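Take a look at the structure set out below.
Everything numeric in this text was worked out from a predicted model, so none of it was measured.
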Amino acid sequence: MASGQLKCAGSSLYLKKKYGKGYQLTIIKNPNHANELSGKEEKWEEDDADELEKQDFNAKKETTPKLGMDLNDILEGIVKGAVPSATLSSRRGVGTEISFQLPLGESAHFIEMFEKLDDQTRENRIKSYGVSVTTLDEVFLAVA
């Protein structure tokens, strides 16, 4: 109800599916590695963009790219390599947290992404990660 009018009706599952934004993946980076560069000492330049496109983020070596990518680039490559329709939703904190929106229909591809994020955890680049589904509060805010 909003302004005395019924805006939507249905079960919580139906409402989440219809009005929700899918899953929220939140990654907490290790503060010691939050702004770390891999490969080179300097950050990659625009000229390196073609080379970045050639890198296969689905390969086992994505955690140690040849070009100087910061940890955000590596994590974005892992997430979008497994779930191409994922979108970056925020980078919060002092560079220690990064979040992505993941569509509901792509959950079959999460296993590959989780394995690669586990590798990042073992390499001590990230502290933890978690996935949550849209809450009813978020649905009501979207409908109102």
Side-chain angles (χ1 to χ4, degrees), residues 1-2 7-144:
M1 302 255 332
K7 295 289 184 176
C8 61
S11 69
S12 61
L13 183 61
Y14 169 79
L15 294 173
K16 287 179 183 181
K17 202 171 200 179
K18 180 152 178 82
Y19 298 104
K21 296 179 181 173
Y23 297 100
Q24 178 82 18
L25 170 67
T26 304
I27 303 170
I28 308 298
K29 298 179 280 185
N30 183 334
N32 298 330
H33 298 280
N35 298 313
E36 167 185 280
L37 296 176
S38 297
K40 287 196 234 176
E41 288 302 313
E42 70 279 355
K43 205 169 180 187
W44 63 279
E45 302 290 329
E46 286 293 322
D47 297 339
D48 295 329
D50 292 336
E51 186 63 31
L52 280 176
E53 290 177 12
K54 294 176 189 173
Q55 289 187 21
D56 181 10
F57 286 109
N58 293 323
K60 285 289 183 192
K61 301 275 185 194
E62 87 285 331
T63 58
T64 54
K66 292 178 184 168
L67 294 173
M69 297 172 66
D70 70 10
L71 186 54
N72 289 329
D73 293 333
I74 293 170
L75 295 174
E76 191 168 350
I78 289 170
V79 173
K80 289 189 175 188
V83 184
S85 54
T87 57
L88 179 66
S89 56
S90 71
R91 293 181 186 184
R92 292 185 290 236
V94 187
T96 59
E97 188 174 307
I98 186 169
S99 299
F100 297 90
Q101 285 293 136
L102 307 173
L104 283 171
E106 298 287 327
S107 59
H109 303 287
F110 290 3
I111 295 170
E112 175 188 350
M113 177 182 65
F114 292 152
E115 289 171 348
K116 292 176 182 183
L117 290 173
D118 285 343
D119 291 341
Q120 294 296 313
T121 303
R122 280 189 289 279
E123 292 178 18
N124 205 26
R125 288 189 175 140
I126 63 173
K127 289 175 92 173
S128 65
Y129 63 91
V131 176
S132 61
V133 71
T134 303
T135 65
L136 276 179
D137 288 343
E138 292 167 328
V139 168
F140 294 147
L141 288 173
V143 171

Checking the side chain of [X] only, and the main-chain atoms of [Y] only, is there a donor and an acceptor separated by less than 3.5 Å?
X	Y	value
Glu106	Pro103	no
Thr96	Lys29	no
Gln101	Lys21	yes

Going from [atom1] on [X] to [atom2] on [Y], what distance comes out if it is rounded to the nearest 0.5 angstrom?
X	Y	atom1	atom2	result
Ile111	His109	CD1	NE2	10.5 Å
Ile28	Asn30	CD1	CG	11.5 Å
Asn72	Ile98	CG	CD1	4.0 Å
Ile78	Asp73	CD1	CG	11.0 Å

Discussion item. Which label fits Phe114 and Tyr129: parallel for a plane angle under 30°, tilted from 30 to 60°, or perpendicular past 60°?
Written reply: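 It falls in the parallel class, under 30°.
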Side-chain heavy-atom pair [X], [Y] within 4.5 angstrom cut-off:
X	Y	result
Val79	Leu102	yes
Val83	Phe100	no
Met113	Leu25	yes
Pro31	Lys127	yes

Looking only at heavy atoms, which two atoms of [X] and [Y] are closest? And how far apart?
X	Y	value
Gln24	Ser99	NE2-CB, 3.0 Å
Leu117	Ile27	CD2-CD1, 3.9 Å
Ile74	Arg125	CD1-NH1, 4.5 Å

Item to complete: Given salt bridge (charged side-chain N to carboxylate O under 4.0 Å, His left out), test Arg122 with Asp119 step by step and report yes or no.
Response: CA-CA 5 Å; Arg122 280 189 289 279; Asp119 291 341; 2.4 Å; yes
Practice prompt. Not counting sequence neighbours, which residues clear salt bridge (charged side-chain N to carboxylate O under 4.0 Å, His left out) with Lys18? List them please.
Written response: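 Checked Lys18 against salt bridge (charged side-chain N to carboxylate O under 4.0 Å, His left out); zero matches.
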